[in-house]
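Since the structure comes first, as C-alpha cells, the remarks are kept for the end.
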Amino acid sequence: MSANLTALAYLAAAILFILALRGLSSPESARRGNVFGITGMLIAVGTTIISPDITSYAWILGALVIGGAVGTGIALKIHMTAMPQLVAAFHSLVGMAAVLVAAAAMDSPASYGITDAEGHIHLASRIEMALGAIIGAITFSGSVVAFTKLQGLVSGNPVTFLGQHLLNLVLAVATVALIVMFVRDPQITYFWTFIALALVLGVLVIIPIGGADMPVVISMLNSYSGWAAAGIGFTLQNSALIVTGALVGSSGAILSYIMVKAMNRSFISVILGGFGGDTATSAATKTDRPVKAGSAEDAAFILKNAASVIIVPGYGMAVAQAQHALAEMAEKLKATGVRVRYGIHPVAGRMPGHMNVLLAEANVPYEEVAELEEINSDFSNTDVAFVIGANDVTNPAARDDPASPIYGMPVLDVDKARTVLFVKRSLSPGYAGIDNDLFYGDTTMMLFADAKKMVQDIASELG
C-alpha cells in the first residue's frame, strides 16, 4: 500500500472519528456515532496491518484473536451498572499500551525509524517518547485505582495523609528532571526511573479523590489516555493514532471541564482531592429531625392523581438495577394520562452520561429525558418529583446554605415540586458526606426500601 493511499485511508478514519464524536453528543444520534467510530477503527487498523512495514503477522493476528475474544466476552456479560469501572479498566490498558510501545521503541529505535545516520534517537522522538510514556504510566496506575474504588475492592472514601501534596510535588519535579536528563542523554535507567515515578504519581493522584468526584475522574482519565496515545503516535509516526489521541484527549478535557462546572468546583480542587466518600461521620446526619415516611400504596395514590411527574434517577437506581422497573412504572402512569419526564444531573452516577445509558437500556424514549438546564425551571409547575437514588444532586443546601460544602453546586430543584417522593434505603448522606435537607421537607415523603422493590411495588399498586 503506497504512502499516499495510507495517508488517505488514515484521513478517512480521522473524519469518521470526528463524526463519531459528533454523533455521540446526542442520544438520538449515538447509535450512528458508534457505527462511524467502529468503521473508522476498522479502516485504521486494517490500513496499519496491510502496511509494507509489517513483515510478520503471527503476533498481530494472535493479539487480535485474544483481544477480540476477551472484549466480546466482557461486552456480553457486563451489566450497565458496571460501566464506570469497565471504562476505567479500559483506560488503564490504553495507558499501559503507551508505556510498552515507548519501551519497545527505546529497545529498538532503528526499527521505528527514529534514529539519525549515527544511530542516535532524534531529539523530538525522545521528547515524544518520554511524554507519551509518562502520561501512559499515570493513566495506567490511576485507572487501576479508580477501578478498585468503583468496583468496591477498596473504600471509595478519600485517602489523605500528612504531606501528601508535598510528596506529589516532589515526585512531579523529580519526573520532570528525569525527562530533561533523558532528552539530553537517552539512558535506559532514566527511562525506567521516570516510568516508576509516574506509576506512583498516578496512584497518589487518584487515592485522595472520593466518590463525589468520580465522574470527573473518569473523564479526566479518558483525556489522559488520549494524550498518551497521541504522544506515542508521534513515536510510531502514525497520523491516525495522533489524530485519534488528540480527539480523545481534547474531548475528555472538555468533558472534565463540564463536569467540574456542574459541581461548581475547580479542576485543581478535584485533583487535590479529599472531598466526598461512600459514608459520612455520624455527626453529619441529623437523625433527630422529623421525617415523613410512606409506603408503595401511598406513593401509587399520589402518582396516579398527578398530572405531571418528573423522575430524577441517581446512582442508587443503578446499584439496585431498577431502571427497567422504573420504565414500567412510568408506562403505567402515562397510560392513565400522567405526563412523565426524566431530569438528569450532569454528575449523577459514577461517570458522565451514566443515567442516560441506563435509561436507554430500559428503552426510555429519548425525548422524555432532559438535562438539568432544560428541566429545572419546570419543577415549580410539577405535581410530583420522584427521586430514586439521587442525593447530593438534589440537596437544596447547595442553593440555600452558604455554609454547606456543596454550596453553589447546581442542583435539580426537586424541592420546588408540589410533592417529592424520595426512594432511599436510609437517611444516610450521599458521596459528599453531608445531610440532605430535602429528606426533612414539608412536601417530602420518604420511601425507605430497595429501589427496585419499591418501584415494582408501586407499579403493582398502579394496576
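Considering every non-hydrogen atom in both Asp400 and Pro402, the closest pair reads O-CD, 3.3 Å. Summarising the geometry of Ala229 relative to Leu241, their closest heavy-atom pair is O-CG, 3.5 Å, with the distance given to 0.1 Å. Between Ile242 and Gly233, the closest heavy-atom pair is CG1-C, 3.5 Å. When every heavy atom of Ala330 is checked against every heavy atom of Ile311, the shortest pair comes out as CB-CD1, 4.3 Å. The minimum heavy-atom distance linking Ala320 with Asp450 is given by the pair CB-OD1, 3.8 Å. Residues Leu372 and Pro346 come closest through the heavy atom pair CB-CD, 4.1 Å.
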### Task
Kindly determine whether Tyr257 and Ser219 satisfy side chain to side chain donor-acceptor pair (under 3.5 Å), including the steps that lead there.
CA-CA 9 Å; Tyr257 174 77; Ser219 58; over 6 Å; no

### Task
Report the C-alpha separation of Arg399 and Asp415 in whole Å, then their side-chain angles, then the decisive distance to 0.1 Å, and conclude whether the side chain to side chain contact (heavy atoms under 4.5 Å, CB included) test is met.
CA-CA 11 Å; Arg399 187 188 64 234; Asp415 59 312; 2.6 Å; yes

### Query
Can you list the steps and then say if Arg341 with Asp378 is a side chain to side chain contact (heavy atoms under 4.5 Å, CB included)?
CA-CA 10 Å; Arg341 289 175 296 164; Asp378 294 343; 2.8 Å; yes

### Task
Might you work through the side chain to side chain contact (heavy atoms under 4.5 Å, CB included) test for Ile344 and Leu359, ending with a clear yes or no?
CA-CA 10 Å; Ile344 308 295; Leu359 295 178; 3.8 Å; yes

### Message
Please determine whether side chain to side chain contact (heavy atoms under 4.5 Å, CB included) holds for the pair Leu171 and Leu204, giving the CA-CA distance in whole Å, both sets of side-chain angles, and the decisive distance to 0.1 Å.
### Response
CA-CA 10 Å; Leu171 289 176; Leu204 293 176; 3.5 Å; yes

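Using modelled atom types, one side-chain atom of Ser141 and one backbone atom of Leu199 make a donor-acceptor pair closer than 3.5 Å. Tyr57 places a side-chain N or O within donor-acceptor distance of the main-chain N or O of Ile49, the cut-off being under 3.5 Å. Listed for the Glu368 side chain is no donor-acceptor partner under 3.5 Å among the backbone atoms of Pro365. The backbone N or O of Gly252 lies less than 3.5 Å from no partner atom in the side chain of Ser223, so there is not a single donor-acceptor pair. Side-chain atoms of Arg126 come within 3.5 Å of backbone atoms of Ile121 as a donor-acceptor pair (strictly under, hydrogens ignored). Without hydrogens or angle criteria, His345 side chain to Val347 main chain gives a donor-acceptor distance under 3.5 Å. Of the possible donor and acceptor atoms, none in the side chain of Glu128 sits under 3.5 Å from a partner among the backbone N and O of Ala230. Lys452 places no side-chain N or O within donor-acceptor distance of the main-chain N or O of Met317, the cut-off being under 3.5 Å. Using a distance-only test at 3.5 Å, with no hydrogens or angles considered, no donor-acceptor pair links the side chain of Ser225 to the main chain of His91. In this structure, Gln237 contributes its side chain and Gly113 its backbone to a donor-acceptor pair below 3.5 Å.
Taken to the nearest 0.5 Å, the CG atom of Leu93 stands 8.0 Å off from the CZ atom of Phe140. A distance of 9.0 Å separates CD of Gln321 from CG of Leu358, quoted to the nearest 0.5 Å. Annotation: the span from Leu86 atom CG to Gln151 atom CD amounts to 10.0 Å, rounded to 0.5 Å. Interatomic distance, Phe17 CZ to Thr39 OG1, rounded to the nearest 0.5 Å: 9.5 Å. Between the CE atom in Met181 and the OG1 atom in Thr189 there is a gap of 9.5 Å [rounded to 0.5 Å]. Atom CD1 of residue Ile127 and atom CD1 of residue Ile179 lie 10.0 Å apart, to the nearest 0.5 angstrom.
A heavy-atom distance below 4.5 Å is not found between the side chains of Leu131 and Phe234. Taking the side chain as every heavy atom from C-beta outward, Phe36 and Leu21 never approach each other to under 4.5 Å. Residues Leu412 and Phe379 have side chains in contact (heavy-atom distance under 4.5 Å, counting atoms from C-beta outward). With contacts defined as side-chain heavy-atom distances shorter than 4.5 Å, the pair Phe386/Val455 qualifies. You'll find the side chain of Val45 stays beyond 4.5 Å of the side chain of Thr48, heavy atoms only. Annotation: side chain of Val99 is in contact with side chain of Met96 (closest heavy-atom distance under 4.5 Å). When side chains are defined from C-beta on, Met129 counts as touching Ile114, because their heavy atoms get closer than 4.5 Å. No side-chain heavy atom of Leu255 sits less than 4.5 Å from a side-chain heavy atom of Asn222.
Exactly one residue among Leu326, Ile375, Ile310 makes a side-chain contact (heavy atoms from CB on, under 4.5 Å) with Tyr342. That residue is Leu326. Screening Leu169, Val176, Val170 against Val173 for a side-chain contact (heavy atoms from CB on, under 4.5 Å) leaves a single residue, Leu169. Here the rule is side-chain contact (heavy atoms from CB on, under 4.5 Å) with Leu438, and of Val411, Asn395, Asn391, Val414 only Val414 fits it. Of the residues Leu11, Ile15, Leu16, the one that meets the side-chain contact (heavy atoms from CB on, under 4.5 Å) test with Ile43 is Leu16.
Using cut-offs of 30° and 60° on the angle between ring planes, the pair His354 and Tyr315 is tilted. Ring-plane geometry between Phe191 and Phe182 is classed as tilted, the angle between the planes lying from 30 to 60 degrees on a 0 to 90 degree scale.
Around the CG atom of Leu153, the shell of radius 6.0 Å holds more than 12 heavy atoms that belong to other residues, nucleotides or ligands. Atom OH of Tyr112 has more than 12 heavy atoms from other residues, nucleotides or ligands within 6.0 Å.
Judged by distance alone, the side chains of Asn356 and Glu361 never bring a donor and an acceptor atom under 3.5 Å apart. Using a 3.5 Å distance cut-off with no hydrogens or angles, the side chains of Tyr224 and Ser143 do not pair a donor with an acceptor.
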